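Positions are given from 1, in the same order as the sequence printed here. As the structure is a computational prediction, the values presented were derived from the model and not from experiment.
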Amino acid sequence: MTSQSYQLEPATIRIKNLRLRTYIGIKEEEINNRQDVVINVCIRYDAERAASSDDMDNALNYRTITKAIIHYVEEHRFHLLEKLCQEVLDIALTHRDVLEAWVEIDKPHALRFADSVSMELHGRRY
């Protein structure tokens, strides 16, 4: 089209409401039965090369990241929401072009009178 007369800020990719089942918790019924978790991931990365080239080799492959999250969460056990959140954040930050990421994980029906309990962590590459 035309040459840019502005600086492109980092792109934001959002993986919204990834619904998975895993073992999470410390009570006996939590240890023995999978529970639902809802995962939201927000990733900021430098998309300038991908935007200017329209070449997938220059883009962040969010499908690969999502598959890694699904595999990890479904194949492991967690006592704490903090640990699960940290592990998912680590996966989101593995790609070299990711500048920062946020992960929020909801555990539906964890409290009697609440829709869910959630944990959010944020990490930034230095």
key: For the student: nearest non-hydrogen atoms of Ala110 and Val117, plus distance   = CB-CG2, 3.9 Å
ask   = Thr12: what forms a side chain to side chain donor-acceptor pair (under 3.5 Å) with it, not counting sequence neighbours?
value = Arg44
message = Using the salt bridge (Lys or Arg N to Asp or Glu O under 4.0 Å) criterion, which residues pair with Arg49? Sequence neighbours excluded.
response = Asp97
query = With sequence neighbours left out, what residues match Lys83 under side chain to side chain donor-acceptor pair (under 3.5 Å)?
reply = Glu87
Tyr62: side-chain contact (heavy atoms from CB on, under 4.5 Å) partners, not counting sequence neighbours = Ile13
task = Identify whether Trp102 and Ile65 are in the same connected component of the hydrophobic contact network (ILVMFWY, side-chain heavy atoms under 4.5 Å).
result = no
ask   = Is Met119 reachable from Ile43 through a run of hydrophobic residues whose side-chain heavy atoms are each under 4.5 Å from the next?
value = yes
query = Pick one: which of Ile70, Thr66, Ile15, Ile69 meets side chain to side chain contact (heavy atoms under 4.5 Å, CB included) with Ile39?
reply = Ile69
inquiry  = Just so I know, are the side chains of Gln86 and Leu121 near enough to count as touching, which here means a heavy-atom distance under 4.5 Å?
reply    = yes
ask   = Any chance NE2 of His109 has more than 12 other-residue heavy atoms, nucleotides or ligands included, within less than 6.0 Å?
value = no
request  = Could I get the full list of side chain to side chain donor-acceptor pair (under 3.5 Å) partners for Asn33, not counting sequence neighbours?
outcome  = none
message = The criterion is side chain to side chain donor-acceptor pair (under 3.5 Å); which residues satisfy it with Arg21, sequence neighbours excluded?
response = Asp36
ask   = What distance do Glu120 atom CD and Ile105 atom CD1 have between them, rounded to the nearest 0.5 Å?
value = 10.5 Å
Audit row: Ser118, Glu104, side chain to side chain donor-acceptor pair (under 3.5 Å) steps and yes/no = CA-CA 7 Å; Ser118 72; Glu104 181 182 15; 3.1 Å; yes
key: Test side-chain contact (heavy atoms from CB on, under 4.5 Å) applied to Val88 and Val41, step by step   = CA-CA 8 Å; Val88 172; Val41 181; 4.1 Å; yes
task = Take Arg19 and Val37 through the side-chain contact (heavy atoms from CB on, under 4.5 Å) test and state the conclusion after the steps.
result = CA-CA 6 Å; Arg19 289 173 174 81; Val37 292; over 6 Å; no
task = Drop me the distance from Arg125's CZ to Glu100's CD, to the nearest 0.5 angstrom.
result = 11.0 Å
key: Contact list for residues 65-87, test ring-ring contact (aromatic ring centres under 6.0 Å, His included), sequence neighbours left out   = Tyr72-His76
request  = Look only at the side chain of Ser116 and the backbone of Asp106, and say whether a donor-acceptor pair between them is shorter than 3.5 Å.
outcome  = no
message = Please determine whether a side-chain nitrogen of the Lys or Arg among Lys107 and Glu30 lies less than 4.0 Å from a carboxylate oxygen of the Asp or Glu.
response = yes
task = State which residues pass salt bridge (Lys or Arg N to Asp or Glu O under 4.0 Å) with Lys27; sequence neighbours excluded, sorted by chain then number.
result = Glu29
key: Same apolar cluster: Leu99 and Leu60, side chain cutoff 4.5 Å   = no
query = Is the count of non-hydrogen atoms from other residues, nucleotides or ligands lying under 6.0 Å from Ile26 atom CD1 greater than 12?
reply = no
ask   = Which atom pair, heavy atoms only, marks the closest approach of Ala51 to Leu8?
value = CB-CD2, 4.2 Å
note = In terms of heavy-atom contacts, Tyr45 and Ala59 come closest through OH-CA, 3.9 Å
request  = Please name all residues satisfying side-chain contact (heavy atoms from CB on, under 4.5 Å) with Thr64, sequence neighbours left out, ordered by chain then number.
outcome  = Asn61
key: Greater than 12 external heavy atoms within 6.0 Å of Asn17's CG   = yes
task = Could you list the residues that satisfy side-chain contact (heavy atoms from CB on, under 4.5 Å) with Glu9, not counting sequence neighbours?
result = none
message = Are Leu80 and Leu20 linked, directly or through intermediate hydrophobic residues, by side-chain heavy-atom contacts shorter than 4.5 Å (ILVMFWY only)?
response = no
ask   = Does Asp55 have any side-chain contact (heavy atoms from CB on, under 4.5 Å) partners at least two apart in sequence or in another chain, and if so, which?
value = Ser53, Asp57, Asn58
key: salt bridge (Lys or Arg N to Asp or Glu O under 4.0 Å) against Arg14, all qualifying residues, sequence neighbours excluded   = none
inquiry  = Test of understanding: clusters of I, L, V, M, F, W, Y form through side-chain heavy atoms closer than 4.5 Å, transitively. Do Val38 and Leu84 belong to the same one?
reply    = no
